[in-house]
**Student:** 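To start, I am sharing the structure in question, which I have written as structure tokens.
Numbers restart at 1 for each chain; the letters A, B, ... are given by sequence-line order, proteins then strands.
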Number of protein chains: 2
Amino acid sequence: MKILIIEDEIELLIGISNYLTKENYICELADSFQKAETKLSIYEYDIILLDITLPDGNGLELLKLFKKFNSKAGVIIISAKNSTDDKIKGLDLGADDYMTKPFQLSELNSRIKAVIRRRHFDGNNTLEFNEMVINTESKSIYIKGEEVVFTRKEYDLFLYFFINKNRVLTKEALAEHLWDDNIDLADNFDFIYTHLNNIRRKIKIAGGTDYIKTIYGMGYKFTEQ
Amino acid sequence: MKILIIEDEIELLIGISNYLTKENYICELADSFQKAETKLSIYEYDIILLDITLPDGNGLELLKLFKKFNSKAGVIIISAKNSTDDKIKGLDLGADDYMTKPFQLSELNSRIKAVIRRRHFDGNNTLEFNEMVINTESKSIYIKGEEVVFTRKEYDLFLYFFINKNRVLTKEALAEHLWDDNIDLADNFDFIYTHLNNIRRKIKIAGGTDYIKTIYGMGYKFTEQ
DNA sequence: TTTGTATCATGAAAATTCTAATCATTGAAG
DNA sequence: CTTCAATGATTAGAATTTTCATGATACAAA
């Protein structure tokens with residue numbers, strides 16, 4: 001997941017970036033209205049963290065502007081402002097959530113996750129990719145129209161690939177996802193191999209294509225190419 | 001966990017209470033300074049949600065006062081105030097966190113959980129109760145000085161009892177805890193019986209006392225009496 | 001007190017998850 | 001083009017988790 005952090009307090013900017021990078025997000029930084037504007041016009045992001053008070057402009061203007069370029073991204077407003085006004089305005093302009101400074105980084109992380117989840121699943125319960133369909137309500141997976149039974153861990157892993165299509169996911173990131181953060185990073189994550197193997201076997205048996213490409217020394221990527 | 005909600009906007013008060021009750025907390029309500037004062041002088045709470053602006057007094061005074069009676073509880077300040085002053089003062093007076101209105105109930109919940117966690121685990125990694133000791137860092141359990149090996153689910157369940165000493169926990173609450181909320185409530189939770197049985201057996205073998213009492217039709221309670 | 005039903009306890013079996021050993025492949029270095 | 005070390009794939013089986021069937025117990029109603 002790619003995140004743009006727009007924040008003029010450099011310390012906070014770095015702090016957030018470091019934390020989120022450790023949590024396996026790809027972070028880009030902007031410490032002014034202008035830099036943010038440039039980045040937004042060029043790249044696509046999944047999540048935008050937006051500080052309202054910038055030295056060279058108001059974040060809400062940026063939000064208005066940006067809704068034209070990049071409507072896919074979720075926006076979380078970061079505000080030190082004391083009036084609720086800015087938050088309300090921000091939510092009106094299409095922000096998904098807001099945080100008031102100061103905040104815990106772990107909380108920011110859980111909000112980011114929540115926004116990602118909502119953006120993916122609100123309204124429709126099915127995700128599709130070529131011959132594959134996931135129904136997130138019944139937690140069932142269909143390949144070429146036939147249901148293939150996945151275990152809980154297999155399902156979680158496969159869904160994670162689906163959501164992170166075209167992105168390289170490290171073993172560590174996958175393991176952390178399966179074990180909701182509280183996993184000991186000193187462990188070895190060999191069991192990922194096993195689950196992956198099971199998923200691939202089931203896809204093969206069902207006559208589907210193995211879209212999970214191995215990137216040697218890096219991780220795995222769910223993609224067509 | 002027992003929570004006192006001090007808030008004069010009745011709608012919000014009810015809203016919070018309903019939500020938190022569904023999340024398996026025991027809620028008590030106070031819509032004025034005076035009622036809150038009375039409750040605080042009589043009962044003990046785990047968490048206190050404190051609105052600063054009350055019709056018959058300032059919440060910060062209440063906070064000062066209450067630190068004398070009930071120093072064990074965690075305090076989360078709810079504030080609609082626009083000055084950061086009240087928040088800072090509140091945190092100075094020993095509040096653990098604060099929220100600015102309006103807020104998402106799910107966020108409130110995650111903050112409550114965070115405060116409970118911090119209050120329990122900050123500084124010391126061990127929880128003790130009579131002949132039982134839990135080391136939350138190494139995730140090991142000792143009974144009469146001897147280590148007893150618990151599986152992950154057994155450990156999680158046992159720790160949850162420890163944290164919720166003297167409280168009745170329903171099967172549903174236990175199951176939800178073990179499966180991080182995303183469990184299907186239509187499922188049957190029979191596996192709780194099995195894990196409980198295993199825990200009790202291991203305690204027995206180690207020569208410990210079974211402090212987990214069955215409350216017929218209700219749930220279970222970890223207690224001495 | 002007896003009876004019936006719902007809840008809980010227990011143990012065994014099934015399913016899933018994880019570990020560990022072995023083999024295969026990749027990419028780098030000579 | 002080899003060789004080597006690191007990484008990934010595969011498989012078997014150990015450990016854990018979950019399901020299921022059966023028996024025991026508590027509570028309520030007759």
**Student:** Taking side chain to side chain contact (heavy atoms under 4.5 Å, CB included) as the definition, give me every residue that meets it alongside B:Thr194, ordered by chain and number, with sequence neighbours left out.
**Tutor:** B:Asn198
**Student:** A:His177 has an atom NE2; how far is it from atom P of C:dT17, in whole Å?
**Tutor:** 13 Å
**Student:** According to a strict under-4.0 Å criterion, is B:Asn197 in side-chain N/O contact with OP1 or OP2 of C:dT10?
**Tutor:** yes
**Student:** Can you check the B:Ile199 CD1 to C:dC8 C1' distance for me, whole Å?
**Tutor:** 15 Å
**Student:** D:dG8 C1' sits how many Å from A:Met218 CE, rounded?
**Tutor:** 15 Å
**Student:** Would you kindly give the CG-to-P distance between A:Leu196 and C:dA24, to the nearest whole Å?
**Tutor:** 20 Å
**Student:** Looking only at side-chain N and O atoms, does A:Tyr193 come under 4.0 Å of OP1 or OP2 in D:dA9?
**Tutor:** no
**Student:** Only counting residues at least two apart or in another chain, list the ones meeting side chain to side chain contact (heavy atoms under 4.5 Å, CB included) with B:Thr214.
**Tutor:** B:Arg200, B:Tyr220
**Student:** Salt bridge or not for A:Asp31 and A:Lys35, using N-O below 4.0 Å?
**Tutor:** yes
**Student:** Between B:Lys2 and B:Asp46, does any side-chain N to carboxylate O distance fall below 4.0 Å?
**Tutor:** no
**Student:** Side chain of B:Tyr220, heavy atoms from C-beta onward: which of C:dA9, D:dA9, D:dT10 has the nearest atom to it?
**Tutor:** C:dA9
**Student:** Evaluate whether atom NZ of B:Lys144 has more than 12 neighbouring non-hydrogen atoms of other residues, nucleotides or ligands under 6.0 angstrom away.
**Tutor:** no
**Student:** Rounding to an integer number of Å, can you tell me how far A:Leu174 CG sits from D:dG8 C1'?
**Tutor:** 14 Å
**Student:** Could you state the CD1-P distance from A:Ile205 to D:dT10, rounded to the nearest angstrom?
**Tutor:** 12 Å
**Student:** Just by protein heavy atoms under 4.0 Å, how would nucleotides 14-30 of chain D read 5' to 3' in B, S and -?
**Tutor:** --SSBB------BS---
**Student:** Give the rounded distance in Å between these two atoms: NZ of A:Lys171 and C1' of D:dA6.
**Tutor:** 11 Å
**Student:** Looking at B:Arg200, does any N or O in its side chain come under 4.0 Å of the phosphate oxygens OP1/OP2 on C:dA9?
**Tutor:** yes
**Student:** Give the rounded distance in Å between these two atoms: CZ of A:Phe189 and P of D:dA6.
**Tutor:** 19 Å
**Student:** State whether B:Phe222 and B:Lys213 meet the cation-pi test: NZ (Lys) or CZ (Arg) under 6.0 Å from the six-membered ring centroid, and within 45° of the perpendicular axis.
**Tutor:** no
**Student:** Under 4.0 Å between a side-chain nitrogen and a carboxylate oxygen: does that hold for A:Lys101 and A:Asp51?
**Tutor:** yes
